Amino acid sequence: MITPRWTGRVVKHLSDDAAPPVMYGTTENMELLEHYYAPLTVVVREEDEGKKIRDVLEKYYKVSGKLLGQARLTEYGLTINEERVYTSAPVQAGEVARLRMLREESTDILPQPMPLEIIYEDDFLLIVNKPAGVVVHPTHGHYTNTLANGVVHYWKSKGERYRFRPIHRLDEETSGIVAIAKNGYVHQQLSEQMQQDDFDKQYIAFVYGRPSPLTALIDAPIDRDTEQPHLRVVFDDGCGYPSQTQYTVLESFQTPPVLLDSLANENKELDQSDIVSLVRLKLFTGRTHQIRVHMSSIGHPLVGDKFYYNTSMQQEEIEQLITRHALHAEKLAFTHPITKQYMEWTAPMPADFEPFKIMMQKGNKYDSTINNL
């Protein structure tokens, strides 16, 4: 990663307004600004001449009033041509307006060495492929061995200071892409994109049965189960939070004969419990356990799901092939808050999915002539 460097001079204002400003050369300038992240910079255009700096920064970066207020309180947080200003200061064409945020650290997270599969990194973002079995953030009972512990150690080992700010989270057993913001502005902007459905989050999963139709939008509100608050359920009475999941069936397989007792199943009529499907899922909202709850609600629970399973469909032989719910965050795409470039990342099918898929392919591929499934 390229470490930002600043050139030119910085004006340090004294408490006595009558005293001349003290000028700092490039070397000391860099030392002062090491306490800040790379700035948000706007070279003022003629069309923006006379506007207040807060309006210009809001126009080009959608900077919130809260962030502007925080920056204004630091010595080099809000500047025009490197001179400290108030949020109401007018700008002139050709001037350089900058907003800087003080560096932060997650001092409450224990640095812990951990293998990290880094997909992408720049001064503002870190994109990683999280393995199954790893919690994203320390919680009660999970203070170590989390993704946060590993990321904080990784940054410290490089002499970098960032606060761990995940844009979204995955369940412990869910593998795949996690995006982490390196400052509060990037976190705020990406959180807004997610709320406005500008995030493209796609998953793959193995489910029991073959959903019909082969592609559909599940639009069903989700909320906590009143009897078991750690679980979520679909509410049919209009209560709950709006939740939308789109699924598409990619492949379906009959259970391989090698997994079944041939005598017990010789005369068994084929039904949904004898089919496993690989599906792709796209989230339009981000409720807790949303995919697992939605797929279970339409009669197609995830293979290996210990919370939202269907006892009439589960097959012990299949459950033994995978030790967690079969869900993987395969793709993430959004507009980079700084470069404004639309970016897309993918994570390949995880290692424990591959042998499961190979085993299922030993069965008969779903025959479209079986139209009662």
Side-chain angles (χ1 to χ4, degrees), residues 167-177 193-253 271-314 318 322 324-334 346-347 349 353 360 366 368 370-373:
I167 307 302
H168 60 114
R169 302 190 186 190
L170 300 179
D171 295 336
E172 178 179 358
E173 292 188 7
T174 302
S175 58
I177 299 179
Q193 284 192 42
M194 194 157 51
Q195 292 172 3
Q196 296 167 4
D197 296 336
D198 293 331
F199 251 49
D200 186 1
K201 294 188 292 182
Q202 295 187 27
Y203 297 70
I204 54 173
F206 286 101
V207 301
Y208 282 107
R210 181 176 173 85
S212 180
L214 297 183
T215 183
L217 177 68
I218 305 172
D219 188 355
I222 292 175
D223 205 345
R224 290 183 183 273
D225 188 326
T226 54
E227 297 181 359
Q228 304 179 80
H230 64 289
L231 300 180
R232 269 57 176 178
V233 293
V234 165
F235 282 81
D236 298 323
D237 57 3
C239 297
Y241 297 95
S243 308
Q244 294 182 322
T245 305
Q246 179 178 293
Y247 73 80
T248 301
V249 177
L250 302 179
E251 291 182 278
S252 295
F253 304 97
D271 60 25
Q272 287 282 0
S273 65
D274 296 310
I275 301 292
V276 167
S277 294
L278 175 63
V279 298
R280 176 166 287 126
L281 304 122
K282 179 179 173 64
L283 289 182
F284 294 97
T285 53
R287 310 302 174 200
T288 300
H289 301 173
Q290 179 175 317
I291 288 174
R292 298 161 63 191
V293 173
H294 270 170
M295 294 309 294
S296 181
S297 73
I298 63 170
H300 299 284
L302 270 61
V303 172
D305 197 329
K306 302 173 184 65
F307 285 167
Y308 304 102
Y309 57 86
N310 184 326
T311 54
S312 66
M313 299 187 73
Q314 270 188 324
I318 292 178
I322 196 159
R324 48 110 172 189
H325 59 244
L327 182 62
H328 175 68
E330 177 188 46
K331 174 184 172 183
L332 181 65
F334 54 75
T346 58
M349 183 174 286
F353 272 32
M360 296 310 299
Y366 174 79
S368 60
I370 306 174
N371 55 23
N372 62 329
L373 295 180

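Just so it is clear, the values below take in all heavy atoms, side chains as well, and ignore hydrogens, waters and symmetry mates. Here, residue 1 is the first one in the sequence, and each next residue gets the next number. Computed from a predicted model, the values in this text were never measured in an experiment.
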Write down the atom of [X], the atom of [Y], and the distance for their closest heavy-atom approach.
| X | Y | result |
| --- | --- | --- |
| Ile322 | Val303 | CG2-CG1, 3.8 Å |
| Tyr309 | Lys306 | CE2-O, 3.1 Å |
| Ala326 | Leu302 | O-CD2, 4.0 Å |
| Met360 | Ile318 | CE-CD1, 4.4 Å |
| Pro242 | Thr285 | O-CG2, 3.7 Å |
| Tyr203 | Leu170 | OH-CD2, 3.6 Å |

Nearest-0.5 Å distance, [atom1] of residue [X] to [atom2] of residue [Y]:
| X | Y | atom1 | atom2 | answer |
| --- | --- | --- | --- | --- |
| Asp219 | Gln244 | CG | CD | 4.0 Å |
| Ile291 | Ile204 | CD1 | CD1 | 11.0 Å |
| Leu283 | Gln290 | CG | CD | 5.0 Å |
| Gln202 | His328 | CD | NE2 | 12.0 Å |
| Met295 | Asp305 | CE | CG | 11.5 Å |

Suppose we screen for salt bridge (charged side-chain N to carboxylate O under 4.0 Å, His left out). Which residues come up paired with [X], at least two apart in sequence or across chains?
| X | result |
| --- | --- |
| Lys331 | Asp200, Glu344 |
| Arg287 | none |
| Arg280 | Glu330 |

Could you pull out all residues at least two apart from [X] that satisfy side-chain hydrogen bond (donor to acceptor under 3.5 Å, both in side chains)?
| X | value |
| --- | --- |
| Thr288 | none |
| Tyr208 | Glu319 |
| Ser243 | none |
| Thr346 | none |

Ile177 and Lys201: CA distance, side-chain angles, deciding distance, side chain to side chain contact (heavy atoms under 4.5 Å, CB included) verdict:
CA-CA 9 Å; Ile177 299 179; Lys201 294 188 292 182; over 6 Å; no
Excluding sequence neighbours, so at least two apart, what forms ring pair (Phe, Tyr, Trp, His ring centres under 6.0 Å) with Phe334?
Phe199, Trp345
Check the pair Arg292 / Asp171 against side chain to side chain contact (heavy atoms under 4.5 Å, CB included), numbers first and verdict last.
CA-CA 11 Å; Arg292 298 161 63 191; Asp171 295 336; 3.0 Å; yes
Would Met349 and Leu278 satisfy side chain to side chain contact (heavy atoms under 4.5 Å, CB included), going step by step from the backbone distance to the final call?
CA-CA 12 Å; Met349 183 174 286; Leu278 175 63; 4.3 Å; yes
Using atom types as modelled, flag every donor-acceptor pair under 3.5 Å from a side chain in residues 221-233 to any protein atom, sequence neighbours excluded.
unit_1: Arg224; atom_1: NH1; unit_2: Pro229; atom_2: O; d: 2.7
unit_1: Asp225; atom_1: OD1; unit_2: Glu227; atom_2: N; d: 2.9
unit_1: Asp225; atom_1: OD1; unit_2: Gln228; atom_2: N; d: 3.4

On the ring face of Phe284, is Lys282 found with NZ or CZ under 6.0 Å from the centre and within 45° of the axis?
yes
Suppose we screen for side-chain contact (heavy atoms from CB on, under 4.5 Å). Which residues come up paired with Ser296, at least two apart in sequence or across chains?
Pro301, Tyr308
Residues passing the side-chain contact (heavy atoms from CB on, under 4.5 Å) test with Glu172, sequence neighbours excluded, are Val135, His142
Exam field: side chain Ser252 to backbone Val276, donor-acceptor pair closer than 3.5 Å:
no
For His325, does its backbone N or O pair with a side-chain atom of Glu173 as donor and acceptor, under 3.5 Å?
yes
Does a sphere of radius 6.0 Å around CZ in Phe235 hold more than 12 heavy atoms from other residues, nucleotides or ligands, not counting ones at 6.0 Å or beyond?
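Yes, the 6.0 Å shell around CZ holds more than 12 heavy atoms from other groups.
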Whether over 12 other heavy atoms sit under 6.0 Å from Phe307 CZ:
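No, not enclosed.
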Take Leu281 and His294 through the test side chain to side chain contact (heavy atoms under 4.5 Å, CB included) and record every step on the way to the result.
CA-CA 11 Å; Leu281 304 122; His294 270 170; over 6 Å; no
